[in-house]
There are 2 protein chains.
Amino acid sequence: MKNTISEVPARQRRKEARPAELLAAALDLFVERGFAATKLDDVAAHAGVSKGTLYLYFASKEELFKAVIQQGILPVLDQGDEMLSQFDGDAGALLETLLKRFWELVGSTHLAGIPKLMISEAGNFPEVAQYYYENVILRGRGLIRAVLERGIASGQFRAVDVDSAIDVILAPQMMLLILRYSLTPCNCGKQDPETYLRTHIDLLLNGLLVAEKKK
Amino acid sequence: MKNTISEVPARQRRKEARPAELLAAALDLFVERGFAATKLDDVAAHAGVSKGTLYLYFASKEELFKAVIQQGILPVLDQGDEMLSQFDGDAGALLETLLKRFWELVGSTHLAGIPKLMISEAGNFPEVAQYYYENVILRGRGLIRAVLERGIASGQFRAVDVDSAIDVILAPQMMLLILRYSLTPCNCGKQDPETYLRTHIDLLLNGLLVAEKKK
DNA sequence: ATTACATTACTGACCGGTCAGTCATTAATT
DNA sequence: AATTAATGACTGACCGGTCAGTAATGTAAT
């Protein structure tokens, strides 16, 4: 006769579901507490298994870290690539759409914590940092570069220095994410991202100076 | 007769010099390895003393952290205040001067590592984060706010949303510092800061769009 | 000068808590 | 009965923090 209260056995065997559940738990905790401060016991508990089980699926804490980064961030960049190839408006509108979409996809998820996580831990995990640089940063910069070059070629944008402009454009986006997951006493990121994003795009396209251009 | 090889005794008593030397060592190591990953044994060794001595001057690792932040960053903000009160050019020139001077004072020092350090550790040390927010972030934002308001009042700047504009302006500066001390495989921050800074100020003042303004 | 005593900056072995990683055992599935 | 997913007690390294002891310096009496 089964237990009449609960049909869930104490121990379940769910080989297929474990890795994804462990990755989700790890993302949550890494993003919330940082990598070093997160205990694998807690990750396992969060995923409803014991620490031993975690080690059945991931060889070490660092491997788990790598897997979290990979699985979390690559789909977002795939979306970006797709948008770029399909969009057919002018470059200014494309830039605006891209930045807004990025915020929708990442800003509202726990994925938003990944940039801060990488910045914090890159120094101590060069292998992960290398992967992140090649597969996330370079691809992200590539997206913005394509937009800038399209805009400059069409005459819509001024012929700014593309390489540094990319960084200048991405920085406010990154900082907004970073501040969300750090310096919580700071309200910097608290005012609605709408306004922030609008100001960013407005400044970016129009600059700070009034009507007649000098320089 | 003294030792002819070396006049340095094995053990020295230098009560006055210790704190500053320990703070310098701690800044170096915290910035290089992160707070959690830095061992107090190493900090002490770097300063040429034993761990016990460190505890004569600082009550705990966290107190040492706070002292490093305070001692490192406050003088820079004092300089900023002074510049603001003395400068008498137009707001655009003031903004440019302020950003460039900031880079000179901080970008070339180990102080440049402090923003990344704070971002990484703020979550685990709320007391330090609170201090940093009140005494560094708010003061820094105050400087930029003053410049923006001066420029808008004089009619030189467009009437942008000041609060979010502050963040948009500061973000590229911060990101440049952050990338210097993180993601070292990434060359993002490697190209000379000159170009980066010039692009930032140029974009900030003039925007991305060509001559005739829309909107 | 030299000796004796007092003060205190400094040391480093040690302790206790923590946590990544292991493995003998248990129990679900085939 | 055999296989293997899952467990959780255990280990050993690590490190923040402590403290009994050591040696450098000061001071005063001889």
Side-chain angles (χ1 to χ4, degrees), chain A residues 1-3 6-26 29-30 32-68 117 121 124-125 127-128, chain B residues 1-3 6-26 29-30 32-68 117 120-121 123-125 127-128:
Chain A
M1 187 69 63
K2 295 273 186 64
N3 180 339
S6 165
E7 295 304 313
V8 180
R11 190 188 285 203
Q12 293 173 287
R13 291 161 65 103
R14 293 167 54 243
K15 189 177 163 57
E16 293 72 24
R18 297 302 190 206
E21 291 170 0
L22 284 163
L23 285 173
L29 293 178
F30 286 170
E32 188 178 320
R33 306 180 189 173
F35 179 74
T38 298
K39 299 171 244 191
L40 292 188
D41 275 312
D42 288 349
V43 173
H46 237 242
V49 297
S50 70
K51 188 166 61 171
T53 299
L54 194 157
Y55 275 89
L56 291 177
Y57 299 104
F58 301 95
S60 68
K61 197 182 185 187
E62 184 165 352
E63 287 299 318
L64 178 62
F65 188 24
K66 280 163 70 172
V68 164
L117 189 57
E121 308 293 349
N124 300 112
F125 301 94
E127 199 186 331
V128 187
Chain B
M1 186 67 63
K2 296 277 185 63
N3 181 342
S6 165
E7 297 301 314
V8 181
R11 190 189 280 204
Q12 291 175 288
R13 292 159 64 101
R14 294 168 51 244
K15 188 177 163 57
E16 293 72 23
R18 298 302 188 203
E21 291 170 1
L22 284 163
L23 285 173
L29 292 179
F30 286 170
E32 187 179 320
R33 305 180 191 175
F35 179 74
T38 299
K39 299 173 240 188
L40 291 188
D41 274 313
D42 287 349
V43 173
H46 237 242
V49 297
S50 71
K51 189 166 58 171
T53 298
L54 193 158
Y55 274 89
L56 291 178
Y57 298 105
F58 301 96
S60 68
K61 197 183 187 186
E62 185 163 351
E63 286 299 317
L64 177 62
F65 188 22
K66 279 163 73 173
V68 164
L117 188 58
S120 301
E121 308 292 349
N124 300 113
F125 301 93
E127 199 186 331
V128 187

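Please read these numbers as outputs of a predicted model, since none were measured by experiment.
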**Item:** E127(A) atom CD, neighbour heavy-atom count above 12 within 6.0 Å
**Value:** no

**Prompt:** R13(A) side chain N/O closer than 4.0 Å to the phosphate oxygens (OP1, OP2) of dT3(D)?
**Reply:** no

**Prompt:** Is the F65(B) ring parallel, tilted or perpendicular to the F30(B) ring (thresholds 30°, 60°)?
**Reply:** perpendicular

**Message:** Tell me whether the side-chain N/O atoms of Y55(A) come closer than 4.0 Å to OP1 or OP2 in dT7(D).
**Reply:** no

**Message:** Nearest whole Å is fine: how far is dA20(C) P from E63(A) CD?
**Reply:** 15 Å

**Message:** Between C1' on dA5(D) and CD on Q12(A), what's the gap in Å once rounded to a whole number?
**Reply:** 12 Å

**Item:** Between dT22(C) (P) and D41(A) (CG): distance, integer Å
**Value:** 14 Å

**Message:** When you measure only distances, ignoring hydrogens and angles, does the side chain of R11(A) come within 3.5 Å of the base of dA28(C) through a donor and an acceptor?
**Reply:** no

**Fill in**
Of A37(A) and A59(A), the one whose nearest nucleotide on DNA chain C sits closer to the 5' end is A37(A)

**Asked** Does dC10(C) have OP1 or OP2 sitting under 4.0 Å from an N or O in the side chain of T53(B)?
**Response** no

**Message:** Both L54(A) and F35(B) contact DNA chain D. Which one's nearest nucleotide lies toward the 5' end?
**Reply:** L54(A)

**Request:** Report which part of the nucleic acid L40(B) touches: base, sugar-phosphate, or nothing (heavy-atom distance under 4.0 Å, all strands).
**Result:** sugar-phosphate

**Asked** What is the nucleic acid contact for F58(A), judged by heavy atoms within less than 4.0 Å: base, sugar-phosphate only, or nothing?
**Response** nothing

**Separation of atom CG in L64(A) from atom P in dC19(C), rounded to whole Å** = 16 Å

**Item:** Length of the line joining K39(B):NZ and dG16(D):P, which is rounded to integer Å
**Value:** 9 Å

**Asked** Would you find a donor on one side and an acceptor on the other, under 3.5 Å apart, between the side chain of T53(B) and the backbone of V49(B)?
**Response** no

**Request:** Using whole Å, report how far CZ of R14(B) lies from C1' of dT8(C).
**Result:** 17 Å

**Prompt:** Is a side-chain donor or acceptor of T38(A) paired with a backbone partner of L29(A) at a separation under 3.5 angstrom?
**Reply:** yes

**Asked** Does R18(B) put a side-chain nitrogen or oxygen below 4.0 Å from OP1 or OP2 of dA9(C)?
**Response** no

**K51(A) (side chain) and dA20(C) (base): donor-acceptor pair under 3.5 Å** = yes

**Request:** Calculate the interatomic distance between Y57(B) atom OH and dG16(D) atom C1'; express it in whole Å.
**Result:** 20 Å

**Item:** Separation of atom NZ in K61(A) from atom P in dC19(C), rounded to whole Å
**Value:** 9 Å

**Message:** If we ignore hydrogens and angles and just use 3.5 Å, is the side chain of K51(B) paired with the main-chain N or O of K39(B) as donor and acceptor?
**Reply:** no

